[in-house]
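Atoms within each ligand, like the ligands themselves, are counted from 1 in listed order. Nothing fancy with the numbering, it's 1 onward along the sequence.
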Amino acid sequence: MGLFGSFLSKFSRSKASIEDLDEFRRVLIESDLGVNVADQIIETVKREKVENLESAVIATLRSFLSDTSRSISTTSGTLTTILIVGANGTGKTTSAAKLAQHFKAQGKKVLLVAADTFRAAAVEQLLTWGKRIGVEVVRGAESADPAAVCFDGASRAVNDGYEILIIDTAGRLHTKSNLMDELGKVRRVVEKVTPINEVLFVLDGTTGQNGISQAEIFSQSVPLTGMIVTKIDGSTRGGVAIATEKALSVPLKFVGTGEGIEDFHVFDPESYIRDLLT
Ligand code: GDP
């Protein structure tokens, strides 16, 4: 990323001019930090003495990020259930598979549910991932009721002693009320079988501020407990992580940095800030 690096090293040598600050603000906004966050960073740069600049900017960035836990707490031998929600195309199915692999690598017994029954391609994609990473996938008949598939998946997870259940839901945003009804129903049905521990919202890092309004729509039908920001590989627009976390007060838990199964990391605020500043 290195969004701030060249500016901060310049401003640390001599006080920034108005033109410098305008240019810096433009770069910050283009990186999807949002106007509000960008302006607060500019205020910090204006206010601080050059010798304190870097630490003051770090403190400002840190203040935007949540200090709630980013880990998904799991207990050996008991089931942790995770719903993956988000608009189509954001990387939901890929992230469900990456998350499954993340837990499998920890030696957990993982079950995936392909609940996007309206998109045969999404079901096929998850089945392919499941085969590749050696994780079972529960699927329903084409166009089956997603809630029924989730019920089957949850029952199987409980009965067969799985430790992690990851449900890939549908994300058709064009019919907002249907989506809400469907997600609400999925949630109620799963909760009849087992509590839902996490609802992770998948946000496409390249769509910037649009993702924030998508999250607001989804959070009306299920309370979000965390976010996965995808496609921030090699991007100079990584500011979206800060902007969304600040706007939604939902902790960013994982980041997707590529199409491969290994391109997935627990979000670490300290190294994220370090990357912005290099
Ligand atoms: P869904 O419709 O939300 O389930 O999205 P998919 O999981 O099918 O992903 C849509 C596209 O984005 C696919 O081509 C994925 O390979 C790609 N994708 C998903 N996550 C990432 C990521 O972190 N980085 C990149 N570069 N591509 C991703």
Side-chain angles (χ1 to χ4, degrees), residues 1 31-32 70 82-103 105 110 112-133 135 137-140 142-143 146 149-150 153 166-176 178-180 182-183 186 198-208 210-215 217-219 221-222 224 226-241 243-245 252-268 271-272 275:
M1 274 180 268
S31 78
D32 285 330
R70 292 166 195 282
I82 303 167
L83 279 191
I84 307 288
V85 305
N88 284 345
T90 54
K92 210 161 16 76
T93 302
T94 309
S95 298
K98 287 173 172 178
L99 192 60
Q101 170 64 21
H102 168 84
F103 286 115
V110 185
L112 279 163
V113 178
D116 191 353
T117 54
F118 299 98
R119 288 193 309 159
V123 174
E124 291 305 322
Q125 194 190 340
L126 200 62
L127 287 169
T128 305
W129 276 120
K131 267 196 208 111
R132 212 179 291 169
I133 62 178
V135 166
V137 180
V138 172
R139 68 174 300 181
E142 202 173 323
S143 304
V149 181
C150 292
I166 300 171
I167 300 176
D168 182 24
T169 63
R172 296 154 306 138
L173 267 180
H174 61 279
T175 49
K176 186 175 147 191
N178 279 359
L179 173 86
M180 309 248 265
E182 191 179 288
L183 265 185
V186 161
E198 293 273 352
V199 181
L200 299 181
F201 173 73
V202 179
L203 185 141
D204 180 336
T206 64
T207 59
N210 267 348
I212 298 177
S213 37
Q214 283 173 9
I217 295 173
F218 279 87
S219 67
S221 48
V222 278
L224 309 177
M227 275 188 299
I228 300 173
V229 175
T230 60
K231 311 184 192 179
I232 59 169
D233 21 322
S235 166
T236 53
R237 299 167 71 95
V240 73
T244 47
E245 187 161 299
L252 172 54
K253 300 203 167 180
F254 296 93
V255 288
T257 54
E259 295 187 88
I261 197 81
E262 72 288 353
D263 300 323
F264 191 67
H265 311 277
V266 174
F267 179 67
D268 171 22
S271 68
Y272 175 77
D275 281 351

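For the atom pair CD1 of I133 and CG of L112, the computed distance is 6.0 Å after rounding to the nearest 0.5 Å.
The minimum heavy-atom distance between A122 and T93, with the atom names listed, is O-CG2, 3.9 Å. In this structure, S95 and V202 approach most closely via the heavy-atom pair OG-CG1, 4.2 Å. Nearest heavy atoms, V85 versus L183: CG1-CD2, 3.8 Å. For the residue pair G205 and D32, the shortest heavy atom distance occurs at O-OD2, 4.2 Å.
Below 4.0 Å from some heavy atom of T93 lie the following atoms of ligand 1, by number and element: 1 (P), 4 (O), 7 (O). For ligand 1, the atoms closer than 4.0 angstrom to any heavy atom of Q125 are 6 (P), 7 (O), 8 (O). The ligand atoms of ligand 1 that sit less than 4.0 angstrom from a heavy atom of G256 are 23 (O). Residue-ligand proximity, R119 to ligand 1, at heavy-atom distances under 4.0 Å covers atoms 1 (P), 2 (O), 4 (O). Ligand-side atoms of ligand 1 in range of N88: 2 (O), 3 (O), range being under 4.0 angstrom from any heavy atom. Shown in contact with T257 at under 4.0 Å from a heavy atom are these atoms of ligand 1, numbered in order with element: 23 (O).
Every heavy atom of D263 sits 4.0 Å or more from the atoms of ligand 1. The closest approach between any non-hydrogen atom of A87 and ligand 1 is below 4.0 Å. Under a 4.0 angstrom heavy-atom cut-off, G86 registers as lying outside contact with ligand 1.
Summary of contacts: the protein heavy atom closest to atom 5 (O) of ligand 1 is G91 N, 3.1 Å. The shortest contact between atom 3 (O) of ligand 1 and any protein heavy atom is with K92 N, 2.8 Å. What sits closest to atom 2 (O) of ligand 1 on the protein, heavy atoms only, is G89 N, 2.7 Å. At the shortest separation from atom 26 (N) of ligand 1 among protein heavy atoms lies D233 OD2, 2.7 Å. With respect to atom 7 (O) of ligand 1, the closest heavy atom belonging to the protein is T94 OG1, 2.5 Å. From the protein, the heavy atom lying nearest to atom 28 (C) of ligand 1 is K231 CG, 3.7 Å. Among all non-hydrogen protein atoms, the one lying nearest atom 22 (C) of ligand 1 is G258 O, 3.1 Å. With hydrogens left out, the protein atom closest to atom 17 (C) of ligand 1 is E259 OE1, 4.0 Å, a heavy atom.
The side-chain heavy atoms of H265 and T257, taken from C-beta on, include a pair separated by under 4.5 Å.
Judged by distance alone, the side chain of R70 and the main-chain N or O of F254 form no donor-acceptor pair under 3.5 Å. No side-chain donor-acceptor contact under 3.5 Å links K92 to the backbone of I84. With hydrogens and angles disregarded, a donor-acceptor distance shorter than 3.5 Å links the side chain of T230 to the backbone of T90.
In this structure, F264 and H102 have perpendicular ring planes: the angle between them is above 60°, well past the 30° mark.
When only modelled atom types and interatomic distance are considered, D204 and T207 share no side-chain donor-acceptor pair under 3.5 Å.
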